[in-house]
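Keep in mind that the numbers below use all heavy atoms, side chains included, and drop hydrogens, waters and symmetry copies.
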Amino acid sequence: MALAGSVVELQASSVKKKTAVSRSWILLDHYGKGTVLDADKYAIMRLVQIHARDLRILDPLLSYPSTILGREKVIVLNLEHIKAIITADEVLLRDPTDDDVVPIVEELRRRLPKVSAAEQGQGEEEACAQDGEGGEENEFPFEIRALEVLFEAICSFLDARTRELETSAYPALDELTSKISSRNLDRVRKLKCAMTRLTIRVQKIRDELENLLDDDDDMADLYLSRKLAASSSPTSSSDAPYWLYGSPNTGSKRHKSSRASGTTVQRENDVEELEMLLEAYFMQIDGTLNKLATLREYIDDTEDYINIQVNFRNNYFVDFKLLLSEKEGVKV
């Protein structure tokens with residue numbers, strides 16, 4: 001689905017329609033070229049042929065959890081500050097001027113384009129030799145390459161926030177154990193609140209990736225190029241890349257004994273490559289969650305230590321008060 005031809009019409013309709021709230025988007029094609037759009041939700045719905053209920057999860061005014069939706073022609077992603085719509089040959093990314101989104105746009109520009117014609121000509125003989133030896137070119141379709149960039153960005157973002165929190169939290173906790181004061185207690189309280197909020201955010205991303213990995217049908221839905229090619233020319237596979245008509249994976253959870261027809265082979269096409277990619281980011285986000293769990297344990301241990309100290313001091317004052325009372329009673 002080529003969207004570039006509809007951009008001019010979209011921009012013109014956005015100028016005419018001022019009743020709906022417009023948002024800034026950037027449209028990146030498979031060459032990495034970007035077009036900034038100021039469009040409302042109705043224009044975006046017409047442009048990518050998406051339902052309002054699916055576009056609603058990208059609304060910043062509504063509180064929706066992290067979501068990855070695979071539809072017939074698009075993938076909708078809501079991952080923290082990354083709110084994107086991916087088609088088979090374009091990426092729509094919201095708020096491209098945001099400080100956290102700008103690096104993602106640059107990375108998409110760099111990694112979305114395929115190998116240039118000159119480089120492809122130079123490496124053609126090499127690739128043929130590899131294919132002759134039974135090797136396959138490890139090249140994902142456009143939408144999976146875009147997903148890879150976005151997953152990498154959100155995992156790196158959350159890991160960076162976790163490291164920043166660790167840098168502030170551990171010294172603050174050590175200072176509190178050495179000196180119990182209102183200032184140090186308030187500082188640790190704020191850090192604990194920040195850690196709890198960050199843990200919830202990381203957990204949501206981890207749960208979404210885990211749900212996706214647990215269902216091969218959901219992973220297969222992310223192959224937009226495969227579905228597009230199957231609907232246009234389901235019987236022609238001579239020039240198709242390996243990810244389009246690859247042989248089924250016998251280790252897949254969706255493996256079935258009856259795969260006689262070509263259509264069955266195409267529908268049961270394995271998702272092992274995508275599964276390995278998602279598992280890599282799942283492990284990364286799980287590692288971030290483990291860092292936060294370790295920090296929480298350290299905070300809990302510090303709280304226990306502080307409570308022991310406070311109880312000890314309270315008992316000391318109670319004993320001291322009893323001692324004074326006994327001495328006063330003896331004098332009388």
Side-chain angles (χ1 to χ4, degrees), residues 1-64 66-116 140-158 160 205 222 224-225 228:
M1 178 178 58
L3 304 182
S6 305
V7 171
V8 176
E9 180 183 350
L10 183 148
Q11 290 174 329
S13 63
S14 297
V15 171
K16 293 178 182 179
K17 186 184 292 184
K18 294 296 182 182
T19 56
V21 177
S22 296
R23 303 223 173 256
S24 180
W25 298 77
I26 186 168
L27 175 67
L28 295 162
D29 60 18
H30 58 280
Y31 296 111
K33 296 180 180 178
T35 304
V36 177
L37 307 174
D38 188 21
D40 57 54
K41 63 180 181 180
Y42 302 105
I44 296 297
M45 287 167 55
R46 291 195 303 271
L47 182 66
V48 297
Q49 301 178 23
I50 189 175
H51 292 292
R53 62 177 177 270
D54 295 332
L55 187 60
R56 194 179 300 124
I57 68 172
L58 304 182
D59 195 332
L61 301 179
L62 302 176
S63 179
Y64 277 89
S66 297
T67 308
I68 305 168
L69 293 179
R71 293 297 185 245
E72 185 63 28
K73 296 181 179 180
V74 299
I75 300 170
V76 184
L77 286 98
N78 177 20
L79 302 175
E80 294 281 323
H81 57 283
I82 302 175
K83 302 183 185 300
I85 302 173
I86 303 174
T87 72
D89 47 17
E90 278 103 357
V91 178
L92 268 168
L93 196 63
R94 211 190 66 193
D95 299 331
T97 57
D98 186 89
D99 292 339
D100 294 325
V101 179
V102 170
I104 302 174
V105 174
E106 294 303 318
E107 191 67 10
L108 286 169
R109 290 180 190 272
R110 186 179 69 85
R111 292 169 58 177
L112 285 182
K114 290 185 178 181
V115 181
S116 63
F140 285 116
F142 173 87
E143 64 275 11
I144 305 302
R145 298 202 311 275
L147 277 174
E148 183 177 7
V149 174
L150 300 181
F151 284 143
E152 181 179 318
I154 191 61
C155 289
S156 300
F157 175 81
L158 292 174
I205 301 291
L222 302 183
L224 302 178
S225 300
L228 185 62

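- Remark: side-chain polar atoms of Lys83 are paired, donor with acceptor, to backbone N or O of Glu80 under 3.5 angstrom.
- A distance of 8.5 Å separates CZ of Phe151 from CD1 of Ile144, quoted to the nearest 0.5 Å.
- Distance check: Ile82 CD1 to Phe157 CZ gives 8.5 Å after rounding to the nearest 0.5 Å.
- A donor-acceptor pair is defined here as one N or O able to donate and one able to accept, closer than 3.5 Å; no such pair exists between the side chain of Arg94 and the backbone of Trp25.
- Taking CD1 from Ile68 and CG from Leu79, the interatomic distance works out to 5.0 Å, rounded to the nearest 0.5 Å.
- With a 4.5 Å cut-off on side-chain heavy atoms, Ile154 and Ile205 count as touching.
- Glu143 has its side chain within reach of Ile75: a pair of non-hydrogen atoms, C-beta onward, lies under 4.5 Å apart.
- Remark: Arg71 pairs with Asp54 by the side-chain hydrogen bond (donor to acceptor under 3.5 Å, both in side chains) rule, at least two apart or across chains.
- Ionic pairing of Glu152 and Arg111 is present here: one or more N-O contacts between side-chain nitrogen and carboxylate oxygen are shorter than 4.0 angstrom.
- Under the 4.5 Å side-chain criterion, counting only non-hydrogen atoms from C-beta, Leu92 is not in contact with Ile26.
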Problem set entry | From CA spacing to verdict: side chain to side chain contact (heavy atoms under 4.5 Å, CB included), Asp29, Asp89 | CA-CA 6 Å; Asp29 60 18; Asp89 47 17; over 6 Å; no
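- Residues Leu228 and Ala88 approach most closely at CD2-CB, 4.1 Å, considering heavy atoms.
- Electrostatic pairing of Glu107 and Arg110 counts as a salt bridge here, judged by a charged N lying under 4.0 Å from a carboxylate O.
- No donor-acceptor distance shorter than 3.5 angstrom exists from the side chain of Asn78 to the backbone of Thr67, with no hydrogens or angles considered.
- Contact of the Ser24 side chain with the Val36 side chain is registered, since non-hydrogen atoms from C-beta on lie closer than 4.5 Å.
- The CG atom of Leu150 sits 6.5 Å away from the CG atom of Leu93 when rounded to the nearest 0.5 Å.
- Separation of atoms CG (Leu55) and NZ (Lys41) is listed at 7.5 Å; rounding is to 0.5 Å.
- Around the OH atom of Tyr31, the shell of radius 6.0 Å holds no more than 12 heavy atoms that belong to other residues, nucleotides or ligands.
- Of all heavy-atom pairs between Arg145 and Pro113, the closest is NH2-C, 4.3 Å.
- Looking at every heavy atom in both residues, Tyr64 comes nearest to Arg56 through OH-CD, 3.2 Å.
- Of all non-hydrogen atoms in Leu28 and Phe142, the two that sit nearest each other are O-CZ, 4.2 Å.
- When all heavy atoms of Leu222 and Gly70 are compared, the pair lying nearest together is CD2-CA, 4.0 Å.
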For this session: Could you please spell out the steps behind the side chain to side chain contact (heavy atoms under 4.5 Å, CB included) verdict for Ile85 and Leu58?
Result: CA-CA 9 Å; Ile85 302 173; Leu58 304 182; 3.7 Å; yes
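- Every residue two or more places apart in sequence or in another chain was checked for a side-chain hydrogen bond (donor to acceptor under 3.5 Å, both in side chains) with Asp95, and none qualifies.
- Atom-to-atom distance recorded for Leu224:CG and Lys73:NZ is 11.0 Å, nearest 0.5 angstrom.
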